[in-house]
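Count residues from 1 along the sequence. Everything quoted here is computed from the prediction, not taken from an experiment.
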Amino acid sequence: MRIARFSIDGNVAFGAVEGDSPDSLVLDIIKGIPYADFELSGTKVPLKKVRLLPPVLPNKVVAIGRNYAEHAAEMGNELPDVPVAFFKPTTSVIGSGDSIEYPSFSEELHHEAELAVVIGRMCREVPRERVKDVIFGYTCANDVTARDVQRRESQWARAKGFDTSCPLGPWVETDVDPGNLAIQATVNGEQRQLGRTSDMIRSVEDLVVHITEAMTLLPGDVILTGTPAGVGPLHVGDEVAVTIEGIGTLTNKVIKRG
């Protein structure tokens, strides 16, 4: 099931996305929140008449760096012995169709297409055999990075945590196997990144186990699983799209900040 979060007439709701053709997609509005047992209301609205919002409002986004060998190599980095984890703040999160604001303190903005894991229940110290039980679903993400800032600052907080640096969407797919999905990024229609989630050094299960050893994850929290090779520059006016097999396409335009 595809679960979207949207606004219409000033109201915010969740809905199940129905249909196959982009022009005929409709949202069946959900009663309540999707992390618990929920019912479909039967009230349906065309997707093209609503504004899609970030599919979740995470308490935290835990991101993983250097989880694809070819990407680590293109950045000139060795493969890490343990997952490289960092945070992106909730203020960095935007939805599909929202604008990425080019930060004034950077001159080298990069796209990073990623599979995002959405947590469905509060969890800590999750054993590997129970990882699937705590996952709500998956969505597309773009770990937008101020690469020049990342190089010159030892912490990545500013380089990867600035406002609008974490596009998520367009919705959460609850019924997909994340083990071997095609993932790509295009800029103005030109392919930049193309990989498969099977190329990840550490799997979704590995990452959930590793992260929850240290911290409690809450419903709606997001894990970014790393990016394949091919990251590259974004400029004001560019349209960047992240597409993941079985999930959908996340599209954002880059604008000048301010």
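Between the side chain of Q184 and the backbone N or O of V242, no donor-acceptor pair lies under 3.5 Å. A distance-only check finds a donor-acceptor pair linking the side chain of K88 to the backbone of S165 [under 3.5 Å]. Under the 3.5 Å distance criterion, the side-chain polar atoms of T90 are left unmatched by any main-chain donor or acceptor of N59. Side-chain atoms of T139 do not come within 3.5 Å of backbone N or O of A116 as any donor-acceptor pair. With hydrogens and angles disregarded, no donor-acceptor distance shorter than 3.5 Å links the side chain of D221 to the backbone of P58. Panel note: side chain T174, backbone G137; no donor-acceptor pair is recorded below 3.5 Å. Judged by distance alone, with hydrogens and angles left aside, the side-chain atoms of D148 form no donor-acceptor pair with the main-chain N or O of S106 at under 3.5 Å.
In the hydrophobic cluster analysis, where Ile, Leu, Val, Met, Phe, Trp and Tyr join through side-chain heavy atoms closer than 4.5 angstrom, V118 is grouped apart from I135. Side-chain heavy atoms closer than 4.5 Å link hydrophobic residues (I, L, V, M, F, W, Y) into clusters, and following such links, possibly through other members, connects V61 to V56. Note on L57 and I94: separate hydrophobic clusters, where clusters join Ile, Leu, Val, Met, Phe, Trp and Tyr whose side-chain heavy atoms are under 4.5 Å apart, directly or indirectly. Taking hydrophobic clusters as Ile, Leu, Val, Met, Phe, Trp and Tyr residues chained together by side-chain heavy-atom distances below 4.5 Å, M1 does not share a cluster with V26. When hydrophobic clusters are built by joining Ile, Leu, Val, Met, Phe, Trp and Tyr residues whose side-chain heavy atoms come closer than 4.5 Å, directly or via intermediates, I183 is not grouped with V172.
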Check against side-chain contact (heavy atoms from CB on, under 4.5 Å), L234 and V187:
CA-CA 8 Å; L234 293 171; V187 177; 3.8 Å; yes
Applying side-chain contact (heavy atoms from CB on, under 4.5 Å) to N142 and E114, what does each step give before you reach the verdict?
CA-CA 6 Å; N142 192 346; E114 308 206 7; over 6 Å; no
What's the verdict on side-chain contact (heavy atoms from CB on, under 4.5 Å) for I223 and I211, showing C-alpha distance, side-chain angles and the deciding distance?
CA-CA 9 Å; I223 299 172; I211 292 166; 3.8 Å; yes
Before giving the answer on side-chain contact (heavy atoms from CB on, under 4.5 Å), spell out for I64 and L224 the whole-Å C-alpha distance, their side-chain angles and the decisive distance to 0.1 Å.
CA-CA 6 Å; I64 302 297; L224 304 188; over 6 Å; no
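Proximity of L217 to R124: side-chain heavy atoms (C-beta onward) are nowhere separated by under 4.5 Å. In this structure, Y138 and V204 have side chains that are in contact, with non-hydrogen atoms separated by less than 4.5 Å. In this structure, the side chains of V144 and P167 come closer than 4.5 Å at one or more pairs of heavy atoms. With a 4.5 Å cut-off on side-chain heavy atoms, P178 and L115 count as touching. Side chains of L181 and V176 form a contact here, defined as non-hydrogen atoms less than 4.5 Å apart. When side chains are defined from C-beta on, H111 does not count as touching T227, because their heavy atoms never get closer than 4.5 Å. Using a 4.5 Å heavy-atom cutoff, the side chains of K60 and M215 are in contact. Here the side chains of L207 and V117 are not in contact, with every heavy-atom distance at 4.5 Å or above.
Pairs passing the ring-ring contact (aromatic ring centres under 6.0 Å, His included) check and including a residue from residues 219-258, sequence neighbours excluded, do not occur. Within the structure, every pair that satisfies the ring-ring contact (aromatic ring centres under 6.0 Å, His included) test and touches residues 18-42, not counting sequence neighbours, is listed here: Y35-F136. For the side-chain hydrogen bond (donor to acceptor under 3.5 Å, both in side chains) condition, the pairs that include at least one residue of residues 4-28, sequence neighbours left out, are E18-K44.
Remark: the R202 side chain and the H210 side chain contain no N/O donor-acceptor pair separated by less than 3.5 Å. Side-chain atoms of K160 and T145 form a donor-acceptor pair, as typed in the model, at a separation below 3.5 Å.
The side chain to side chain donor-acceptor pair (under 3.5 Å) search around R2 returns none, not counting sequence neighbours. When the salt bridge (Lys or Arg N to Asp or Glu O under 4.0 Å) test is applied to D238, no partner is found at least two apart in sequence or on another chain. Qualifying side chain to side chain contact (heavy atoms under 4.5 Å, CB included) partners for K253, counting only residues two or more places apart in sequence or in other chains: none. Every residue two or more places apart in sequence or in another chain was checked for a side chain to side chain donor-acceptor pair (under 3.5 Å) with E173, and none qualifies.
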Return a table of donor-acceptor pairs under 3.5 angstrom between the side chains of residues 96-105 and protein atoms on other chains or two or more places apart.
residue	atom	partner	partner atom	Å
S96	OG	T251	N	3.2
D98	OD1	R51	NH2	3.1
D98	OD2	G95	N	2.8
Y102	OH	E107	O	3.4
Y102	OH	E108	N	3.3
Y102	OH	L109	N	3.3

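Between A241 and T249, the shortest heavy-atom distance links the atoms CB-CG2, 4.0 Å. The shortest heavy-atom contact between P219 and R121 is CG-CA, 3.8 Å. Closest non-hydrogen pair, A185 versus A113, comes out as CB-CB, 3.8 Å. Smallest separation of non-hydrogen atoms from F14 and P55: CE2-O, 3.5 Å.
Other members of the hydrophobic cluster containing V12, listed by chain and number, are L53; membership follows side-chain contacts under 4.5 Å among ILVMFWY residues, whether direct or relayed. Clustering of Ile, Leu, Val, Met, Phe, Trp and Tyr by side-chain heavy atoms under 4.5 Å joins I255 with none of the others. Residue M122 belongs to a hydrophobic cluster whose other members are L218, with links defined by side-chain heavy atoms closer than 4.5 Å. Residue I29 is found in a hydrophobic cluster whose other members, listed by chain and number, are F6, I8, V17, L25, L27, V45, L47, V50, L52, W171; membership requires side-chain heavy atoms under 4.5 Å apart, directly or through intermediates.
Annotation: the span from Q150 atom CD to M75 atom CE amounts to 8.0 Å, rounded to 0.5 Å. Expressed to the nearest 0.5 Å, how far NE2 of H110 lies from CG of D143 amounts to 12.0 Å. Of the inter-residue distances, the one linking S198 atom OG with Y68 atom OH reads 8.0 Å to the nearest 0.5 angstrom. One distance of note links CG of D163 with OG of S92; it measures 8.0 Å at 0.5 Å rounding.
Using a cut-off of 4.0 Å between Lys/Arg side-chain N and Asp/Glu carboxylate O, R147 and E112 are scored as salt-bridged. Salt bridge annotation for E245-R196: present, with a cationic side-chain nitrogen under 4.0 angstrom from a carboxylate oxygen. A salt bridge links R128 with D206; the closest basic N to acidic carboxylate O contact falls under 4.0 Å.
Counting non-hydrogen atoms of neighbouring residues, nucleotides and ligands closer than 6.0 angstrom, the CD atom of E129 exceeds 12 such neighbours.
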